Amino acid sequence: GTAALIWNEIIREKVTNFIMNQSKEQRILNFVLQNAVRGDPCSVVDTIDKYCSQKEWAMNVGDEKGQILDKTVEEVNPSVALELGTYCGYSAVRISRLLKAGARLLTVEFNPEFAAIAKQMIEFAGVQDKVKLLEGPSEEIIPQLKKKYEVDTLDFVFLDHWKDRYTPDTILLQECNLLRKGSVLLADNIIFPGAPDFLNYVRKSPHFQCTNYPSHLEYMQVEDAMEKAVFLG
């Protein structure tokens, strides 16, 4: 799995970037703009999956784990959701297409290039009314959610950013009183590349009830899993 990722992420991607004079993320966006149906979030999700499974690997949640994400969002039926790690906007589009009328998703992205791509992806999918993209480090944005973005509490949180931020950001969400009894956290990539500190924290905490969902790394046959942590108050 590691060797395959090194090949896809470092060697092949750098060569392609040099030849085409554009980033992989820009190529994904261009493929969507040319092949997906404008205003159809399902078409956008399917088109990104097609590109990433057939042309270039990318770190979206992907189709297999995406079904776990869908099921969780449908169960929670959130009014206010938070995503940490927007990347190209794949999961923001995937989550927002399931949100009820009047619900909103706040998605946080640290990388300005990824944020610019995601903004275009979200608008092309036609879900910009449900999604607000917040650019900057999660540790700075989380404490601003209540006052600046008028969040009382979060119903659902999707963690898919830097794995070493999973635990401190979960603690920060608790300290900022952004979680209520029944708030659901769903964390991606807990096996590969792995988030052992996060698993240790939520599984040992009396404040969380955890469920593990074995799966595979996006677009690969590498073992991975997602962890659902329900806040008990």
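From a predicted model like this one, the values you see are computed outputs, not experimental measurements.
A search for side-chain contact (heavy atoms from CB on, under 4.5 Å) contacts involving P168 returns R165, not counting sequence neighbours. Partners of P196 by side-chain contact (heavy atoms from CB on, under 4.5 Å), not counting sequence neighbours: none found. Taking D155 as the reference, R180 meet the salt bridge (Lys or Arg N to Asp or Glu O under 4.0 Å) condition, with sequence neighbours excluded. For K65, the salt bridge (Lys or Arg N to Asp or Glu O under 4.0 Å) partners are D188, E218, D224, not counting sequence neighbours. Partners of K50 according to the salt bridge (Lys or Arg N to Asp or Glu O under 4.0 Å) rule, which considers only residues two or more places apart in sequence or in another chain, do not exist here. For D46, the side-chain contact (heavy atoms from CB on, under 4.5 Å) criterion is met by no residue, not counting sequence neighbours. Scanning for salt bridge (Lys or Arg N to Asp or Glu O under 4.0 Å) contacts around K146 gives D152, with sequence neighbours left out. Listed by chain and number, the residues in a side-chain contact (heavy atoms from CB on, under 4.5 Å) with A36 are V32, S43, V44, T47, F124 (sequence neighbours excluded).
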I would like to know whether I48 and C88 meet side chain to side chain contact (heavy atoms under 4.5 Å, CB included); could you show each step before the answer? CA-CA 10 Å; I48 297 173; C88 289; 5.7 Å; no
Check the pair N60, C52 against side chain to side chain contact (heavy atoms under 4.5 Å, CB included), reporting the backbone distance first and the verdict last. CA-CA 9 Å; N60 312 302; C52 295; 3.3 Å; yes
As a quick check of understanding, evaluate side chain to side chain contact (heavy atoms under 4.5 Å, CB included) for F231 and L173, giving each step before the final call. CA-CA 11 Å; F231 189 64; L173 289 168; over 6 Å; no
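Under the 4.5 Å side-chain heavy-atom criterion for grouping Ile, Leu, Val, Met, Phe, Trp and Tyr, F114 is connected to V93 within one hydrophobic cluster.
Shortest non-hydrogen contact noted between N212 and A225 is ND2-CB, 3.9 Å. When every heavy atom of A58 is checked against every heavy atom of K24, the shortest pair comes out as CA-NZ, 3.8 Å. When every heavy atom of L186 is checked against every heavy atom of F158, the shortest pair comes out as O-CD1, 3.2 Å.
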Would you list the atom pairs, donor with acceptor, under 3.5 Å between side chains in residues 129-141 and any protein atom, with sequence neighbours excluded?
residue : atom : partner : partner atom : Å
K130    : NZ   : S96     : O            : 3.4
K130    : NZ   : L99     : O            : 2.9
S138    : OG   : D169    : OD2          : 2.6

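Taking the six-membered ring for Trp and the full ring otherwise, the centers of H161 and Y166 sit less than 6.0 Å from each other.
At least one donor-acceptor pair under 3.5 Å links the side chain of K100 to the backbone N or O of N77. Not a single donor-acceptor pair under 3.5 Å links the side chain of R94 to the backbone N or O of D70. Between the side chain of D40 and the main chain of C42, a donor-acceptor pair closer than 3.5 Å is present.
The salt bridge (charged side-chain N to carboxylate O under 4.0 Å, His left out) contacts involving residues 71-82 comprise K71-E75, E75-K228, where partners must be two or more places apart or lie in separate chains. Sorted by first and then second residue, the pairs that involve residues 103-125 and meet side chain to side chain donor-acceptor pair (under 3.5 Å), not counting sequence neighbours, are S23-E113, E83-T107, T86-T107, K119-E123. Here salt bridge (charged side-chain N to carboxylate O under 4.0 Å, His left out) pairs that include residues 195-213, with residues two or more places apart or in two chains, are R203-E227.
Inter-residue side-chain proximity for V61 and M226 is flagged as met; some heavy-atom pair is nearer than 4.5 Å. Contact check for N189 versus L217: side-chain heavy atoms found under the 4.5 Å cut-off. Proximity of P143 to L172: side-chain heavy atoms (C-beta onward) are separated by under 4.5 Å at one or more points. At a threshold of 4.5 Å between non-hydrogen side-chain atoms, the residues Y87 and M121 do not count as touching. Residues F192 and E223 are not in side-chain contact: their nearest non-hydrogen atoms beyond the backbone lie 4.5 Å or more apart. Put simply, the side chain of I28 does not reach to within 4.5 Å of the side chain of Y90, judged on heavy atoms. Taking the side chain as every heavy atom from C-beta outward, C176 and L145 never approach each other to under 4.5 Å. Side-chain contact between V80 and T153 is absent, with no heavy-atom pair separated by less than 4.5 Å.
A donor-acceptor pair shorter than 3.5 Å cannot be found between the side chains of D63 and Q67.
Within 6.0 Å of CD in Q128 there are more than 12 heavy atoms belonging to other residues, nucleotides or ligands.
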